[in-house]
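Because the structure is predicted, anything quoted here is derived from the model rather than measured. Naming: A, B, ... by sequence-line order, numbering from 1 per chain.
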There are 2 protein chains.
Amino acid sequence: MGIAERRAREKAGIRQEILDAARELFVKEGYEATSIRKIAHKAEYSPGTIYLYFEDKQAVLEALGDEMFRRLDQRMQAIEQDSWGDPLVRLRRGLRVYIEFGLEHPHHYCLVFMLPPEQLSRPMDPLKLQNAMASFQHLVVMVQSCMQAGSIPVGDPQEISQALWAGAHGITSLLIAKCGFPFIEQGRLIDRVLETLIEGIRNK
Amino acid sequence: MGIAERRAREKAGIRQEILDAARELFVKEGYEATSIRKIAHKAEYSPGTIYLYFEDKQAVLEALGDEMFRRLDQRMQAIEQDSWGDPLVRLRRGLRVYIEFGLEHPHHYCLVFMLPPEQLSRPMDPLKLQNAMASFQHLVVMVQSCMQAGSIPVGDPQEISQALWAGAHGITSLLIAKCGFPFIEQGRLIDRVLETLIEGIRNK
DNA sequence: TGCCCATGGTGAACAGTGTTCATTATTTCA
DNA sequence: TGAAATAATGAACACTGTTCACCATGGGCA
């Protein structure tokens, strides 16, 4: 019964080849410029073949988004589990990592967090949602640690985590999308946002 | 010389007809679904005619974005000039109006604030930038009022205004783009974000 | 009034897009 | 080796933004 396994291995291999080609195009050119035909050409397959391994273009790029989620998840987990020091400092570091991660992978960040609704009209299948939730959950845990340590007032961890996420996402997406706006020095602005958020949840 | 004027009036009229058609499609369907051919058909012109009045599709939709900026500007100005009461309350109301405005016009908000960089690769011509700056400037004035009134510590108004904008933009764009995510009740989340931002700039 | 020219609108055409599907080639199993 | 199943193809469809040779209509002039 080694044949079926080999087939499955090959199938997964080709899928990966397609993803590699797609990623290479995507990180350089972004969503619009990454066409099925270009992906197929780079992976040395015909356009039709892509549809044997992915439902449509959206599915290909969603797979790239998943890769990003997993890497973000790892970084956040690393910070969450570093249990030394003030949990508030850890929380702040987590938010900073989130922002820096987004700025390092702007196209990926747009793909996952900024695509307008008409493009994600399909209601975000539960599996991917679980993935996104996992990444977000690290933030919730860090907020809970702060509450337990008495660094911030006790309250609804979901509420506070979502507010913090909004803040971090806000500066990340603004810096990515509105690069024409005359922002003050980027590092100082990020510092100020983090300062505001942390101070904001400390004093209630 | 009435002829040239009539010609100019007609030209402006047709331009407006095109914009009206584009707006109607855009608010219902969003960026992708609003095609030049659909606009032309709705305005009862041929596709080529659009290009006699606008440089390209991007220019048509940018004009819609300008309309939005002007209306946002009016609302912000109304709040800024209402000089009664605590300036901090006014600032908070301004931020809330910004968020609500975005949620009322999600496609417009995406168009102006969330389009990924590959689509706005042209470096945001200075006139439009001035427009955006005008809207933002109201926020700066409100922050300065707070400083003068002693409601918040004295600091760089640009820095604080940009941080506040990031926060307001964050929750607005998240709620628009990630409508699949299990957010807590929207009103409560917005309140929490505003609370966090205001408390954050008060204490430092 | 009759003519000419310039302006404005047209719609076919170009190069590209995502997606589908009948046809072909390859591989597996009897 | 022959039959059946599977995989890959690339042409075709319906769309996209954009350009441009063509034509008609209206204004100025003799």
Side-chain angles (χ1 to χ4, degrees), chain A residues 1-19 21-22 25-26 28-65 107 111 115-116 118-122, chain B residues 1-19 21-22 25-26 28-65 107 111 115-116 118-122:
Chain A
M1 284 301 114
I3 288 176
E5 291 166 17
R6 197 210 59 197
R7 276 307 239 296
R9 235 186 2 256
E10 281 176 0
K11 211 168 161 65
I14 294 178
R15 205 187 123 98
Q16 197 54 51
E17 284 179 43
I18 295 172
L19 276 183
L25 288 166
F26 180 74
K28 249 188 293 193
E29 312 273 8
Y31 190 100
E32 305 289 329
T34 305
S35 74
I36 292 287
R37 279 173 178 80
K38 286 188 197 166
I39 295 173
H41 181 76
K42 204 173 204 35
E44 298 179 294
Y45 287 99
S46 78
T49 303
I50 307 294
Y51 291 86
L52 298 176
Y53 295 87
F54 295 92
E55 197 181 339
D56 54 15
K57 178 182 175 179
Q58 181 76 18
V60 178
L61 298 188
E62 261 176 22
L64 295 183
H107 287 124
L111 176 67
L115 271 199
E118 71 261 21
Q119 305 216 31
L120 350 135
S121 54
R122 53 177 134 182
Chain B
M1 287 303 114
I3 288 175
E5 291 167 16
R6 198 211 57 197
R7 279 302 239 299
R9 240 192 350 262
E10 282 176 358
K11 212 169 159 64
I14 294 177
R15 206 188 123 97
Q16 197 53 53
E17 283 178 44
I18 294 172
L19 276 182
L25 288 168
F26 180 74
K28 249 188 292 192
E29 312 273 5
Y31 190 101
E32 304 289 328
T34 305
S35 74
I36 292 287
R37 281 174 178 80
K38 285 187 197 167
I39 296 173
H41 180 76
K42 205 175 202 32
E44 298 181 296
Y45 288 98
S46 79
T49 304
I50 308 294
Y51 290 86
L52 298 176
Y53 295 87
F54 294 92
E55 197 181 340
D56 54 14
K57 178 183 175 179
Q58 180 77 18
V60 178
L61 298 188
E62 262 178 21
L64 295 183
H107 287 124
L111 175 67
L115 272 199
E118 71 260 20
Q119 306 217 29
L120 349 136
S121 54
R122 54 177 135 186

So does B/Ala33 get a backbone contact from the side chain of B/Lys38, meaning a donor-acceptor N/O pair under 3.5 Å?
yes
CA sep, side-chain torsions, deciding dist, call: A/Leu19, A/Tyr53, side chain to side chain contact (heavy atoms under 4.5 Å, CB included)
CA-CA 10 Å; A/Leu19 276 183; A/Tyr53 295 87; over 6 Å; no
Does a donor on one side chain and an acceptor on the other come within less than 3.5 Å for A/Tyr31 and A/Gln58?
yes
Without decimals, in angstroms, what is the distance between B/Ile14 CD1 and C/dT7 P?
16 Å
If I take atom CG in residue B/Leu52 and atom P in nucleotide C/dA6, what distance separates them, rounded to the nearest angstrom?
18 Å
Side-chain N or O of B/Tyr45 less than 4.0 angstrom from OP1 or OP2 on C/dG11?
no
Output, in order, the C-alpha distance, side-chain angles, deciding distance and verdict of side chain to side chain contact (heavy atoms under 4.5 Å, CB included) for A/Phe54 and A/Glu62.
CA-CA 10 Å; A/Phe54 295 92; A/Glu62 261 176 22; over 6 Å; no
B/His41 NE2 to C/dT10 C1', in whole Å, measures 16 Å
Measuring from atom NE2 of B/His41 to atom OG of B/Ser46, what distance do you get when rounded to the nearest 0.5 angstrom?
13.0 Å
Measure OH/B/Tyr53 against P/D/dT18 and give the value in whole Å, please.
18 Å
Nearest-Å distance for atom pair CD1/P, residues B/Ile50 and C/dG8
15 Å
Would you mind reading off the distance between A/Glu44 atom CD and D/dA8 atom C1', rounded to a whole angstrom?
14 Å
What pairs of nitrogen or oxygen atoms, one from the protein and one from nucleotides 18-22 of chain C, lie under 3.5 Å apart?
| residue | atom | partner | partner atom | Å |
| --- | --- | --- | --- | --- |
| C/dG18 | OP1 | A/Ile36 | N | 3.2 |
| C/dG18 | OP1 | A/Lys57 | NZ | 3.2 |
| C/dG18 | OP2 | A/Ile36 | N | 2.9 |
| C/dG18 | N7 | A/Arg37 | NH1 | 2.6 |
| C/dG18 | O6 | A/Arg37 | NH2 | 2.9 |
| C/dT19 | OP2 | A/Tyr51 | OH | 2.6 |
| C/dT19 | OP2 | A/Lys57 | N | 2.8 |
| C/dT19 | O5' | A/Tyr51 | OH | 3.1 |
| C/dT19 | O4 | A/Arg37 | NH2 | 3.4 |

Contact class for B/Phe54 (heavy atom, under 4.0 Å): base, sugar-phosphate, or nothing?
nothing
Here the gap from B/Lys28 atom NZ to B/His107 atom NE2, rounded to the nearest 0.5 Å, amounts to 12.0 Å
